[in-house]
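Everything numeric here is computed off the predicted structure, so don't read it as measured data. In what follows, every chain begins at residue 1, and chains take the letters A, B, ... in the order their sequences are listed.
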Number of protein chains: 2
Amino acid sequence: MQLNQATDYAFRAVLHLASLPAGAVVSARELAEAQAIPPRFVLKIMHALTRAGLVESRRGPAGGFGLARPAAEISLLDVIEALEGPVAIHRCLAEREACNKHCTSECPVHAALRGLQDGLVAGLRRATFASLVAKKP
Amino acid sequence: MQLNQATDYAFRAVLHLASLPAGAVVSARELAEAQAIPPRFVLKIMHALTRAGLVESRRGPAGGFGLARPAAEISLLDVIEALEGPVAIHRCLAEREACNKHCTSECPVHAALRGLQDGLVAGLRRATFASLVAKKP
DNA sequence: CTAAATCTATACTATTCCAGTATAGTACTG
DNA sequence: CAGTACTATACTGGAATAGTATAGATTTAG
Ligand code: SF4
Ligand code: SF4
């Protein structure tokens with residue numbers, strides 16, 4: 001019931017990129033140092049963010065990473081989904097067949113959890129990195 | 001980011017007990033069969049629920065388990081906490097020191113997630129088994 | 001052209017957690 | 001006192017987590 005460590009590193013990395021002037025890039029090594037991310041591990045995280053289309057990379061000397069679109073269009077949900085796939089607070093909300101009871105009718109717990117998950121996901125979608133950067137001191 | 005299997009079994013078990021006439025008890029074996037829970041595993045789950053004070057047990061022949069208080073006073077949150085401990089959607093919300101970045105000031109991601117978690121927890125607390133049973137067909 | 005810097009992609013590993021089993025013990029009933 | 005049923009804890013195989021390692025591709029400077 002918890003986001004994993006890689007996702008947290010990704011939050012820090014995107015927050016770092018979001019507070020940069022537009023168009024600027026920062027190397028994996030700098031990111032790792034500034035955000036206290038293990039230097040080898042940061043590569044894997046940026047790889048996932050790049051594949052998801054949230055960040056863009058430039059190779060070679062003076063290369064690095066930058067946001068692929070405005071920080072106002074990147075939410076906590078986007079980052080979580082890039083690292084962990086779709087959000088699901090219970091197995092049967094990830095895929096309905098995960099219920100090993102094979103309830104004939106709709107399960108009331110399932111229904112209640114679905115409502116709560118929807119609220120959570122909506123909140124994660126509303127939390128953009130533009131709004132988060134704005135809150136920083 | 002998902003409730004575990006044991007917690008789901010506990011949901012089914014409590015839902016089963018909540019739909020019984022008041023004062024009735026049901027044995028572990030019956031519970032396991034009715035709710036498709038592995039027969040040995042159900043003992044561990046009922047043990048956790050008993051220790052948390054949500055269910056009461058009676059030993060010996062004709063023994064079994066029943067709710068320790070009215071279904072209206074048992075929520076999804078109570079069951080989750082009995083099986084998994086306090087709800088936390090992120091490591092730094094479980095314990096503040098879990099952040100290996102040692103942010104000097106308040107982290108905006110932390111603040112946003114805390115708000116969302118509070119909403120989720122409030123919803124879980126509001127979902128009592130009395131209301132869930134009422135929704136069953 | 002070539003060397004160094006930097007990202008890309010995947011394989012590997014140690015540790016921890018999960019899901020479930022096993023078993024020895026305690027309490028109640030008839 | 002024998003059988004039923006819960007109590008409590010130890011054990012286990014497999015999967016997930018949190019990283020590390022490495023071989024390769026691309027870009028730029030000189
Ligand atoms: S019993 Fe209900 S809550 Fe549990 S997995 Fe099945 S549908 Fe979901
Ligand atoms: S960086 Fe922010 S969100 Fe991540 S663990 Fe630290 S306080 Fe929590």
Side-chain angles (χ1 to χ4, degrees), chain A residues 1-13 17 24-33 35-66 68 80 82-85 88 90-91 94 98-101, chain B residues 1-13 17 24-33 35-66 68 80 82-85 88 90-91 94 98-101:
Chain A
M1 196 52 181
Q2 218 164 81
L3 296 167
N4 64 29
Q5 183 68 69
T7 302
D8 183 56
Y9 289 151
F11 288 153
R12 296 185 205 172
L17 297 182
V25 299
V26 58
S27 73
R29 197 167 51 74
E30 288 175 286
L31 254 181
E33 272 170 30
Q35 298 300 325
I37 305 172
R40 306 295 185 101
F41 199 28
V42 77
L43 288 170
K44 194 143 97 173
I45 289 155
M46 298 317 288
H47 182 207
L49 292 173
T50 304
R51 263 184 320 191
L54 303 181
V55 313
E56 276 172 349
S57 63
R58 212 158 62 204
R59 293 203 262 198
F65 300 92
I80 295 171
L83 275 287
E84 308 190 10
H90 197 39
R91 37 207 344 110
C99 177
N100 52 19
K101 191 187 164 192
Chain B
M1 194 54 182
Q2 219 165 81
L3 296 168
N4 64 29
Q5 183 67 69
T7 302
D8 183 56
Y9 291 150
F11 288 154
R12 295 185 205 172
L17 298 182
V25 299
V26 59
S27 72
R29 198 167 52 73
E30 288 176 286
L31 254 181
E33 272 171 29
Q35 298 299 325
I37 305 172
R40 305 295 186 100
F41 200 28
V42 78
L43 289 171
K44 194 143 97 173
I45 290 155
M46 298 317 290
H47 182 207
L49 292 173
T50 304
R51 263 184 319 189
L54 302 181
V55 313
E56 278 172 348
S57 63
R58 210 158 61 205
R59 292 203 263 197
F65 300 92
I80 294 170
L83 275 287
E84 309 190 11
H90 197 38
R91 38 210 339 111
C99 178
N100 52 20
K101 190 185 165 194

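Rounded to an integer number of Å, the gap from CD of B:E56 to C1' of D:dT7 is 16 Å. Atom CD1 of B:I45 is separated from atom P of D:dA8 by 16 Å (rounded to the nearest Å). Rounded to an integer number of Å, the gap from CG of B:L49 to C1' of D:dA8 is 15 Å.
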5' to 3', nucleotides 17-30 of chain D under a 4.0 Å protein heavy-atom cut-off (B base, S sugar-phosphate only, - none) gives -SBBBB-BBBBB--
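Listed pair A:H47 / C:dT8 fails the phosphate criterion, with no side-chain N or O lying under 4.0 Å from OP1 or OP2. OP1 or OP2 of D:dT7 lies within a sub-4.0 Å distance of a side-chain N or O belonging to B:S57.
With A:F65 as the partner, the side-chain contact (heavy atoms from CB on, under 4.5 Å) test is satisfied by one option alone out of A:E30, A:R58, A:M46: A:M46.
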So A:Y9 and A:L31, side-chain contact (heavy atoms from CB on, under 4.5 Å) or not? Walk me through it.
CA-CA 10 Å; A:Y9 289 151; A:L31 254 181; over 6 Å; no
Trace of the side-chain contact (heavy atoms from CB on, under 4.5 Å) decision for B:L83 with B:L49:
CA-CA 7 Å; B:L83 275 287; B:L49 292 173; 3.8 Å; yes
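Side-chain contact between A:R12 and B:C99: present, with at least one pair of heavy atoms (C-beta onward) separated by less than 4.5 Å. Taking 4.5 Å as the limit, every side-chain heavy atom of B:D8 sits out of range of all side-chain heavy atoms of B:L3.
Side-chain atoms of B:E84 come within 3.5 Å of backbone N or O of B:N4 as a donor-acceptor pair.
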